[in-house]
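Computed over heavy atoms, backbone and side chain alike; hydrogens, waters and symmetry mates excluded. Owing to the predicted nature of the structure, the values given are computational and were not obtained by experimental measurement. Sequence positions, counted from 1, serve as the residue numbers for this chain. Whatever order the structure lists ligands and atoms in, that order sets their numbers, starting from 1.
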Amino acid sequence: MGEKDLSNFFKTYLEKEPIFINKQVLQLNYTPEAIPHREEQINYLAGVLAPVLRLDKPSNLFIYGKTGTGKTLSAKYVTNQLLKIAVEKDILLKIVYVNCKLKRVADTEYRLIAHIAGEFGKEIPPTGLPTDEVYKLFIEAINQNKENKKIIILVLDEIDQLVKRVGDQLLYNLTRLSSELKNIEISIIGISNDLLFMDNVDSRVRSSLCEEEALFPPYNAIQIQDILRQRSKICFKEGVLDDGVIEKCAAHAAREHGDARRALELLRVAGELAERKNKVKISMEDIDEAEEKIERDKVVDVVHTQPKQFQLTLLSILTLVEQNKKPLVTGDLYDVYKDYCLKVGLKPITQRRLSDIIAEFDMLGIIRAKVISKGRYGRTREIRLAIPPSTVENIKSVLKESLNL
Ligand code: ADP
Ligand code: MG
């Protein structure tokens with residue numbers, strides 16, 4: 001393409017009617033005006049936190065539910081509203097929100113405590129102090145906070161990620177803080193995407209953190225439609241969506257455990273694809289394509305970050321899935337896997353270790369592996385794909401390229 005063509009391309013692009021009026025609205029960090037289908041949960045959270053307004057310490061609260069069920073959104077909404085009223089009424093409330101998924105703030109106990117101290121204006125060096133000392137500085141920071149806050153609500157979002165990395169002793173320490181604070185109350189809101197998280201936490205910590213509990217159930221397809229329609233109104237030009245597009249997005253996301261995030265992402269990517277094709281409308285096919293693109297990107301990401309043995313395992317699975325009609329079992333897989341190892345000159349890992357890798361792919365949502373008992377022949381895994389079959393070829397070629405095959 002010459003210089004002239006390119007400048008023409010950009011000019012035509014600008015003259016085109018855009019599909020989006022405001023794409024921001026479909027981004028994950030956008031806060032919608034209203035939060036449909038979470039009234040019950042929002043009222044419950046508000047009820048738990050309201051005592052703040054009478055200067056009483058609210059109960060600790062544990063919020064849990066699968067991803068994309070509106071936990072983060074609802075918790076932020078309620079705490080923001082609460083803070084607004086508190087400011088009006090001169091109530092000395094401080095809300096500290098920590099996204100524990102972010103390694104830079106929460107990959108160690110030290111870092112997390114230093115981060116929260118930072119919220120109170122205390123600089124703690126990022127490494128080098130003994131943990132006791134960090135806690136001492138942290139407690140000092142809270143006790144002497146310049147704004148003279150009396151009630152602190154500490155929101156630990158994706159608390160399951162934090163505990164996976166640093167263990168639950170940290171939570172114990174946090175729940176015991178109050179005894180060291182002077183006239184300051186601290187309440188903790190823990191939020192988890194992992195429904196079973198609390199089952200594995202020390203029972204003292206559990207009873208302290210779960211004084212109140214709120215479960216966020218998955219959305220059903222109709223509820224997701226409402227959420228999508230509400231956003232579409234502000235993000236797309238009128239009439240851009242073909243009939244059935246919203247329903248299709250919603251149905252897809254409902255299949256994936258009612259994940260609103262997933263539904264919004266699907267709609268955004270479909271819009272981008274349609275726009276790139278110079279279309280003026282988003283059609284059902286764009287949704288299919290978007291789904292494929294999202295899945296492919298997800299798997300490609302995983303492929304690039306996993307070691308060679310993972311890549312070989314996945315390649316073996318995909319090779320066999322293509323050839324077979326019935327579900328795979330681990331035994332068949334091992335032979336194909338060993339062949340590939342030979343080709344790339346890597347030593348095969350044991351069948352047991354291969355099973356572990358398969359379990360990880362299951363966790364990543366790339367395959368579904370069901371353990372089945374074979375009586376005295378032991379156990380095996382039955383493997384099915386959890387990604388659209390249409391993406392298989394593409395992922396295989398990414399894998400082969402990465403493995404130099
Ligand atoms: P979770 O924290 O449970 O994983 P989020 O609160 O982050 O889920 O929600 C995921 C995405 O879906 C966000 O972009 C959020 O704005 C949107 N969302 C979730 N529930 C609703 C709802 N009831 N109304 C409007 N948007 C919602
Ligand atoms: Mg969240």
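When only non-hydrogen protein atoms are considered, atom 21 (C) of ligand 1 lies nearest to Tyr219 OH, 3.4 Å. Looking only at protein heavy atoms, the nearest one to atom 2 (O) of ligand 1 is Thr72 OG1, 2.7 Å. Ranking the protein heavy atoms by distance from atom 23 (N) of ligand 1 puts Pro36 O, 2.7 Å first. Protein heavy atom closest to atom 10 (C) of ligand 1, with residue, atom name and distance, is Arg261 CB, 3.7 Å. For atom 13 (C) of ligand 1, the closest heavy atom belonging to the protein is Leu28 O, 4.1 Å. Nearest protein heavy-atom neighbour of atom 26 (N) of ligand 1: Arg231 NH2, 3.1 Å. Scanning all protein heavy atoms for the shortest distance to atom 6 (O) of ligand 1 gives Leu73 N, 2.9 Å. The protein heavy atom nearest to atom 3 (O) of ligand 1 is Lys71 NZ, 2.7 Å.
Residue-ligand proximity, Ile35 to ligand 1, at heavy-atom distances under 4.0 Å covers atoms 22 (C), 23 (N), 24 (N). Close contacts of ligand 1 with Leu264, meaning ligand atoms under 4.0 Å from a residue heavy atom, involve 12 (O), 14 (O), 17 (C). The ligand atoms of ligand 1 that sit less than 4.0 angstrom from a heavy atom of Thr67 are 4 (O). If you number the atoms of ligand 1 from 1 as listed, the ones under 4.0 Å from a heavy atom of Thr69 come out as 1 (P), 3 (O), 8 (O). Residue contact check: Gln230 has heavy atoms under 4.0 Å from atoms 25 (C) of ligand 1.
Leu318 has its side chain within reach of Leu385: a pair of non-hydrogen atoms, C-beta onward, lies under 4.5 Å apart.
Both tests do not hold together for Lys66 against Phe216: distance to the six-membered ring centre under 6.0 Å, angle to the ring axis within 45°.
Taking 4.0 Å as the cut-off, Gly68 counts as a neighbour of ligand 1 on heavy-atom distance. Residue contact annotation: Lys76 has no non-hydrogen atom under 4.0 Å from ligand 1.
Ionic pairing of Glu295 and Lys293 is not present here: no N-O contact between side-chain nitrogen and carboxylate oxygen is shorter than 4.0 angstrom. By the 4.0 Å N-to-carboxylate-O rule, Asp339 lies too far from Lys343 to be salt-bridged with it. For Glu382 and Arg368, the salt-bridge test fails: no basic side-chain N is under 4.0 Å from an acidic carboxylate O. We find that Asp202 and Arg204 are joined by a salt bridge, their nearest charged nitrogen and carboxylate oxygen being less than 4.0 Å apart.
Judged by distance alone, the side chains of Asp157 and Thr72 do bring a donor and an acceptor atom under 3.5 Å apart. For the residue pair Glu140 and Tyr135, no side-chain donor N or O sits within less than 3.5 Å of a side-chain acceptor on the partner. Looking only at atom types and distance, the side chain of Asn145 has no donor-acceptor partner in the side chain of Lys122 under 3.5 Å away. Residues Glu109 and Asn173 have side chains that bring a donor and an acceptor to within less than 3.5 angstrom of each other. Side chain to side chain, Thr391 and Asn394 fail the donor-acceptor criterion of an N or O pair below 3.5 Å.
Ring pair Phe197/Phe62 is tilted by interplanar angle, where 30° to 60° counts as tilted.
Taking CD1 of Ile63 as the start and CG of Leu156 as the end, the distance is 11.0 Å to the nearest 0.5 Å.
For atom 8 (O) of ligand 1, the nearest non-hydrogen atom from the set Pro218, Gly70, Ser74 comes from Gly70.
Checked against a 6.0 Å centroid threshold, the rings of Phe120 and Phe138 do not count as neighbours.
Within the protein, the number of N/O/S atoms found under 2.8 Å from the Mg ion (ligand 2) is 1.
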